[in-house]
Every structure is written in C-alpha cells, then in structure tokens.
2 protein chains.
Amino acid sequence: MELILATQACIVEGGIRQATVRKIAAAAGVTPGLIRHYFPDKDDLFCATYKFTMTEMARLPVLAAQDIEAGAIERLHLFVRASLSSPVMSPRHHQLWASFTSLMRSVPALAAVHRDSYLEFRQECGSLVAEVLREQRQAVSTRKLDQLAAAVNAVLDGLWLEGCLASDLFEAGEIADIGIRSVDALLGIDSN
Amino acid sequence: MELILATQACIVEGGIRQATVRKIAAAAGVTPGLIRHYFPDKDDLFCATYKFTMTEMARLPVLAAQDIEAGAIERLHLFVRASLSSPVMSPRHHQLWASFTSLMRSVPALAAVHRDSYLEFRQECGSLVAEVLREQRQAVSTRKLDQLAAAVNAVLDGLWLEGCLASDLFEAGEIADIGIRSVDALLGIDSN
DNA sequence: ACGCTTATTATACATATGTACAATAAGCCC
DNA sequence: GGGCTTATTGTACATATGTATAATAAGCGT
C-alpha cells in the first residue's frame, strides 16, 4: 500500500518516465529490492496502482449518487457534479489516468483493468439514466438506453478531460454546471 | 518526416516505452545518430510527431465541415461523423494521443502543443455551433456559446475515447449516430 | 573538378534501469 | 528462548538508453 501511494506520487510528479523502481522505493522510504518482494515485477505494481487509482476516482461519484433521500434526477445531478469537481477532476488524477492508459498497449494487464473500470462506470451511468427515465414514465428500448448511457458517459469523460487540463478556462463549478445541463439535454429533461 | 512517421509507427506498435531512439531509427531505416542531426533531442522529435499527429487527426473533420453546399446543421453533422469514424477514431490514433498526453507533465513543450490543438478543435466546434444557432435564429450570449462549444467538444472527445478503446461494444457507425443525436440534443435540435 | 554544405554512419561513453540473489533483521508462535 | 516465517537491505549484473563526436559519403552550385 505504501508502495502504491509512492508510485502515485512519482507518476504525478514526473510522469511515467520518472516513475522508476528506485524513485518509487525512495518515495516510500524503502530500498528498491523490497518492491520485488511484494510485486513480481514493475508492471504488476503499476497494475495494482492503476486499479487502486480507478477505485479511488469512482468512489466519490458513486457515493454521491447513493443519496437515498433524493429523486432520480437529483441523484444523477449529484453524480455528475461529483465527477466534475475536485478531487475527482484534477490534474493529479488526469496525470495518473493518462499515464496508465498510455501503457495499455505494452502491458495487456493494464488494458484489462481499464476495461473493467470503464464498464463499471458506464454501468453506473446506465443505472442512473434508467431510473431517471422510469421516474419520467419514459419507456425506451435497452439499445436506446445503452446509447444514452454511452452518451452520458462520454460527456462526463470529455468534460472531465477539459476540466483537468484547462481548468483556467472555466470558472469554479462551471464545468459541473455544463455537465448537468448537458446531461439534462441528452435525456430531454427541461432544466429550470 | 521519415523520422516522424517512424516514431508514430514505434509508438503505435509498443507504446512510448518501446519508442526508443534506436528502434525509431531502425524503423526509419537509418542509424540512431541521424536523429540528432535533425532534432536536438528525443523530446523534440516527440514534439514534432505530436504536432504532426494532431494536425493529421483534425484534417478530415475540418475538411468535412467545409462542404459549402450544406447547411449549418448538416455541416455540423458531417464534422461529428468524421470525428467519430475511422480513421480519426481508431486504436492507432488513441495510442498516439494517449502516449503524448502522458508526457505533458515531464515535457512542457508537449503541453503547449496539446493546448494549441485543443483550443483549435474547440474553436472549430464553437464556429459550427454558432452557425447552427444563427441558422435557427437563436440568440445566445457568448458565454453560453462557449459553454455549448465545450459541451459539444466534450461529447466528441468522450465518444471518441469510447470508440477507440471499446469499438467491439458498438456496431459500425453507431458511435457516430450517437454523437449526432447527442449534439442535436445539446443544441435543442429536433432530430427526425 | 573543386569546395562547401548537408546527410549519414560508426563508435564510444556515461548513466539509468529492471532484475536477481544472498544476507540480515524483525516479528511471532509455542 | 528457539525456530520459523516474513520483512528488508545491500550489492551486483546485464542491458537499454540518450547523447556526443569524429569520420565519411553524398549532393550540388560554380
């Protein structure tokens, strides 16, 4: 666990390139040899760190959407706002995410982690969308539902990217506002 | 130019990690020393390759949107479809894009390239959106227009990501269809 | 043919890097 | 406390890697 946090720190500070076994060990306050005691090789450590990071990132939005008091639309809005606010939306998380996705091609295990977390997040989008539509007494085919989930997921991903990398172009909370309005538009909800 | 193409090939094949000076030179059919004759260092070669790649990717969508015969909405649709179809949307381009963005932190010059191409693409979105709104006699503030452009840009980015990485989950052309419907919804256009 | 610029190679070097392994320290159960 | 498992270190190695530089070939205008 210490090693995973140290790996995150190294990647955030200098990107994948600088995240060497030695630097990670130094950041964790141990010697390089220890890493191989816990992980068969460096890619395995990266894989564990990737998994941890994705879980960490999905936690807040999913938690926000579990507000049992709220209605479906409100829950979706909470989910969107949590996804498009700090700390989920941050240069730090983008750096981690980008670093790992760039390794998918050379490390198949990382591709599997990505696929898992992607499907999980998209399913969360799908559930929330489904509840909203049910609340609105709107019946749609599963295919249309899947497509709506993909679209909602896409807006969130895209705005998340913009927010992580160009937060200076937006005011505080503006991206989340755009996200909520966009999702409403996608689902045909009349905002205001 | 040969070197830039060789760099692309190496990154696509094995990711940034395997894109070493020697492998790039081998792919280009030259010796490693030649690279330093044209580029001060490796990061500079990466920078040039990134710029080339982004230009390459923006070409088709921008070209498609220049159809002078078509109306504003149709031009926007052509733009969306080109952005969300092969070859713009492909594992190849994703691998290139992901590799370079993961280096932004450690190579500031790459961050500048990213910022430029991002702003350019977003502005293209903005122009197309503005024309559609004008065609619809819909007046909006510049701020709202910027936000709409950001949202359209986000949907395109997000769907592009999904399509590059999970094309097996969609049928041919389905992502582009979703994109067009989503953009229509964002702009309040009644599809069909 | 000459001279100059550009293209290209060959070789070398210092260092960074992932990995391996034997040795030592620490924790813990009986 | 003895003995066993686990945690941790130190060191070594083979190799990959970016970079530097001198030497050579090629192109080309005059």
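Lettering follows sequence order; numbering is per chain, from 1.
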Open item on the list: Given C:dT8, D:dG18, D:dT9, identify the nucleotide with an atom nearest to the side chain of B:Lys42.
Closed with: D:dG18
TODO: Quickly work out the A:Leu3 CG to D:dT8 C1' distance and round it to whole Å.
DONE: 11 Å
Task: Between C:dG18 (P) and A:Arg17 (CZ): distance, integer Å - done: 13 Å
Task: Over 12 non-hydrogen atoms of neighbours within 6.0 angstrom of CD in A:Glu120 - done: no
Task: d(CG, A:Leu45; P, C:dG18) in whole Å - done: 11 Å
Task: Given B:His93, B:His94, B:Gln95, the one that forms side-chain contact (heavy atoms from CB on, under 4.5 Å) with B:Cys164 - done: B:His94
- [ ] State which of C:dT17, D:dT19, C:dT8 makes the closest approach to the side chain of A:Arg22.
- [x] C:dT17
Open item on the list: Taking only side-chain N and O atoms of A:Tyr38, does any of them lie within less than 4.0 angstrom of OP1 or OP2 on D:dT6?
Closed with: no
Open item on the list: For a quick check of understanding: with a heavy-atom distance under 4.0 Å over all strands, which category does B:Thr20 fall into, base, sugar-phosphate or nothing?
Closed with: sugar-phosphate
- [ ] Figure out the CG/C1' separation between B:Leu103 and D:dG18, and round it to whole Å.
- [x] 15 Å
TODO: Please state how far atom CZ in B:Phe39 lies from atom P in C:dT8, giving the value in whole angstrom units.
DONE: 13 Å
- [ ] Might you work through the side chain to side chain donor-acceptor pair (under 3.5 Å) test for B:Gln18 and B:Glu13, ending with a clear yes or no?
- [x] CA-CA 8 Å; B:Gln18 321 248 351; B:Glu13 203 203 339; over 6 Å; no
Open item on the list: Just N and O in the side chain of B:His37: are any of them under 4.0 Å from OP1 or OP2 of C:dA7?
Closed with: yes
- [ ] Find the distance A:Lys23:NZ to C:dG18:C1' and express it as a whole number of Å.
- [x] 15 Å
TODO: Give a yes or no on whether a salt bridge exists between A:Arg122 and A:Asp157, defined as a side-chain N under 4.0 angstrom from a carboxylate O.
DONE: no
Open item on the list: Nearest heavy atom decides the nucleotide; on that basis, is A:Thr31 or B:Gln18 closer to the 5' end of DNA chain D?
Closed with: A:Thr31
Task: Donor-acceptor pair present, B:Arg36 side chain and D:dG18 base, under 3.5 Å - done: no
TODO: Can you tell me the distance, in whole Å, between the CD1 atom of A:Ile35 and the P atom of D:dT11?
DONE: 18 Å
Task: Whole angstrom value for the distance that separates P of D:dT19 from CG of B:Asp41 - done: 5 Å
Open item on the list: Regarding A:Arg17 and B:Asp43, does a basic nitrogen lie under 4.0 Å from an acidic carboxylate oxygen?
Closed with: yes
